[in-house]
Structures are given as structure tokens and as C-alpha cells.
Amino acid sequence: MTRSSTGLHSETLPSSFYDRPTLGVAADLVGKVLVHTFRGRRTSGVIVEVEAYIGESDPACHAAPGPTNRNQPLYGPPGHAYVYLNYGLHYLVNAVTEREGFPAAVLIRALEPLEGTDAMRRRRGRPGLAAHMLCSGPGNLTVALGIGPRHNRADLSAGRLTIEDHHRPPRPLAWTPRIGIRVGTVHRWRCIAADSPAVSGPRPSGRPGR
DNA sequence: CGTTCGATGCACT
DNA sequence: GTGCATCGAACGT
């Protein structure tokens, strides 16, 4: 048990949190807090947008071609990070879910910054950027928190990259199709905090935020 | 508001 | 050689 920036008790989510059906994990990750500690400094944000990628039968999941060198972490133990390079430019971070051997994960797509917004602006290289834009988008949040390929396979229940429960009040959730993919769009496996200005891309009703 | 497009690296066929 | 789970600037309306 630690003291969170909000003054409420918080604890790191255990591996068991991730060891269950991915859609449940995705819904429950909204409102939790992603934390990276670097040189004793925390940068963190409340998760407000995620997407589920579930099994070899999901054409948009990296496990669709079966086990490969890259997607190995998806087959590994739940509660570990899967970090990979996308479009040759952006690192994206996932939390591996379900039992070991079943490839599935939740992609973290947006945060509401909580701690270390100054460091986030420095890492983004955008001194004047509004707080709600600092971690909006999966490639942006990894830059803002300093997450990179060294975090691939990292244990999210212990270490420098973790997800915490700050016991924040529940958020109104909305499920939409996943975005940025060309296959598997039939599933509504993107879960957002419908009231958040930090969510990337389209949302049910137009709001400020991009 | 909207759409288009270039940058960029690597896994996979 | 092809195709991305992206971003942001540039341009059209």
C-alpha cells in the first residue's frame, strides 16, 4: 500500500488481475493508472482508452499468423508488457492478458496525465501542449512516459512500469470498433471513458480533444 | 471542420 | 518486397 498523488491509497495490480477474459480486463483497466518510474521520478496517467486483441482468430491481433519471434510475449504470462515498434516510428504498449499460452492483450491508447506533466512535455518536445493532449494516442503516451522497447516483457506487477488502482470513481464507458486497423473491424473492442477529453480519435458525441 | 500524405523500421511472406 | 494496432503538418471546404 502506497500513497498516491490524489491522496488516496493505491496498490499495484497483481498478475491475477490480467489472468481472465480480455474484454473484462479492458473494461477494468479504464480508470486505472499507468506509472513509469525513471530516476526516482514518476510519470503517470489515468487510462481512458484501450483496445482488446484476442487470440489467433482475431485478424487484427499480432498473434493471427501464429507464434512468431515478435509476438512471443502475447503467449507469455499475463500481467507482462508487450511493447513493439509500429510504422517504424512509434512504440505501443500492451498489457498481456489471459492464461499463459493463449495470446491476447490490451493496447493502451490514451491517458489523462496525473504526475510528471512537466517531464511529459519535455519528452514530447512540446512545451505549451495542453495536458489532455500529452498522452492522447498510443504513440504519444509511450513518448510522454518514456516507455520503449526495453519494457517489452516487463512485469507490470513489479518494477518500474506498473499499473495501479487508485480507487478513482467509475467512469462512463463506451465500446466502439477498434481504430487504425483494416481487418477485424466487426468487433467493438475499443473501450473508452466517454467523458474524457484525452481520448484519441472518434468518440460517440463530438467534444473538444483533438 | 475534413482529408491527404510523408516520415520511418522491421516482421513477415 | 509489402504492409502496417501512428503522428502531425499541410491543405481543401
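Just so we're on the same page: letters track the sequence lines, and every chain starts at 1. Since the structure is predicted, the reported quantities are computational estimates derived from the model, not experimental observations.
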query: For atom C1', what is the distance between C/dG8 and B/dC10, given to the nearest Å?
result: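 Per the computed distance, 22 Å lies between those C1' atoms.
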
query: Quick one: do the A/Glu115 and A/Thr43 side chains pair a donor with an acceptor below 3.5 Å?
result: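 There is no such pair (donor and acceptor under 3.5 Å, judged by atom type) between the side chains of A/Glu115 and A/Thr43.
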
query: Does a donor on one side chain and an acceptor on the other come within less than 3.5 Å for A/Ser196 and A/Glu112?
result: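 There is such a pair between these side chains.
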
query: Counting only Watson-Crick or G-U wobble pairs whose two distances fall under 3.5 Å, which nucleotide matches B/dT8?
result: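 In the structure as shown, B/dT8 has no Watson-Crick or wobble partner.
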
Complementary nucleotide of B/dG2, counting Watson-Crick and G-U pairs under 3.5 Å: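 Pair assignment: B/dG2 / C/dC11.
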
Please tell me which of the listed nucleotides, [options], lies nearest to the side chain of [X]?
| X | options | result |
| --- | --- | --- |
| A/Arg126 | C/dG8, C/dA5, B/dT13 | C/dG8 |
| A/Leu92 | B/dA11, C/dG8, C/dT6 | C/dT6 |
| A/Leu89 | B/dT8, C/dA5, B/dT13 | B/dT8 |
| A/Arg182 | C/dC4, C/dA5, B/dC10 | C/dC4 |
| A/Tyr84 | C/dC7, C/dA5, C/dA9 | C/dA5 |
| A/Asn140 | B/dT8, C/dC7, B/dC10 | C/dC7 |

For [X] and [N], give me the distance from atom [atom1] to atom [atom2], rounded to whole Å.
| X | N | atom1 | atom2 | value |
| --- | --- | --- | --- | --- |
| A/Asn86 | C/dG3 | CG | P | 16 Å |
| A/Ile181 | C/dG3 | CD1 | P | 17 Å |
| A/Glu49 | C/dT6 | CD | P | 10 Å |
| A/Glu51 | C/dC4 | CD | C1' | 14 Å |
| A/Asn152 | B/dC10 | CG | P | 14 Å |
| A/His187 | C/dA5 | NE2 | P | 16 Å |
| A/Tyr87 | B/dC10 | OH | C1' | 14 Å |
| A/Leu85 | C/dC7 | CG | P | 13 Å |

- prompt: Do A/Arg150 and A/Tyr91 meet the cation-pi criteria used here (NZ or CZ under 6.0 Å from the six-membered ring centre, within 45° of the axis)?
  reply: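 No, A/Arg150 and A/Tyr91 do not form such a contact.
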
query: So does A/Arg160 have more than 12 non-hydrogen atoms from other groups sitting under 6.0 Å from CZ?
result: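 No.
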
- prompt: Reckon A/Arg178 touches a base, only the sugar-phosphate, or nothing at all at heavy-atom distances under 4.0 Å?
  reply: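 Counting heavy atoms under 4.0 Å across all strands, no contact is made by A/Arg178.
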
message: Need one value for A/Asn69: base, sugar-phosphate or nothing, where a base atom within 4.0 Å counts as base even if backbone is also close, heavy atoms only.
response: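 Sugar-phosphate, backbone atoms only, no base.
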
- request: Taking the six-membered ring for Trp and the full ring for Phe, Tyr or His, determine whether the centres of A/Tyr84 and A/His62 are under 6.0 Å apart.
  value: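 When the ring centroids of A/Tyr84 and A/His62 are compared, they turn out to be within the sub-6.0 Å range.
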
- request: Report yes if at least one side-chain N or O of A/His62 is closer than 4.0 Å to OP1 or OP2 of C/dA5; otherwise report no.
  value: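 It does, given that an N or O in the side chain of A/His62 lies less than 4.0 Å from OP1 or OP2 of C/dA5.
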
message: Check for me: is A/Tyr53 stacked on C/dA5 by the 5.5 Å centroid and 30° plane-angle rule?
response: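 Yes, A/Tyr53 stacks on the base of C/dA5, since the ring centres sit under 5.5 Å apart and the planes are within 30°.
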
message: Would a single hydrophobic cluster contain both A/Tyr75 and A/Ile54, if residues Ile, Leu, Val, Met, Phe, Trp and Tyr are joined by side-chain heavy-atom contacts under 4.5 Å?
response: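 In one cluster: no.
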
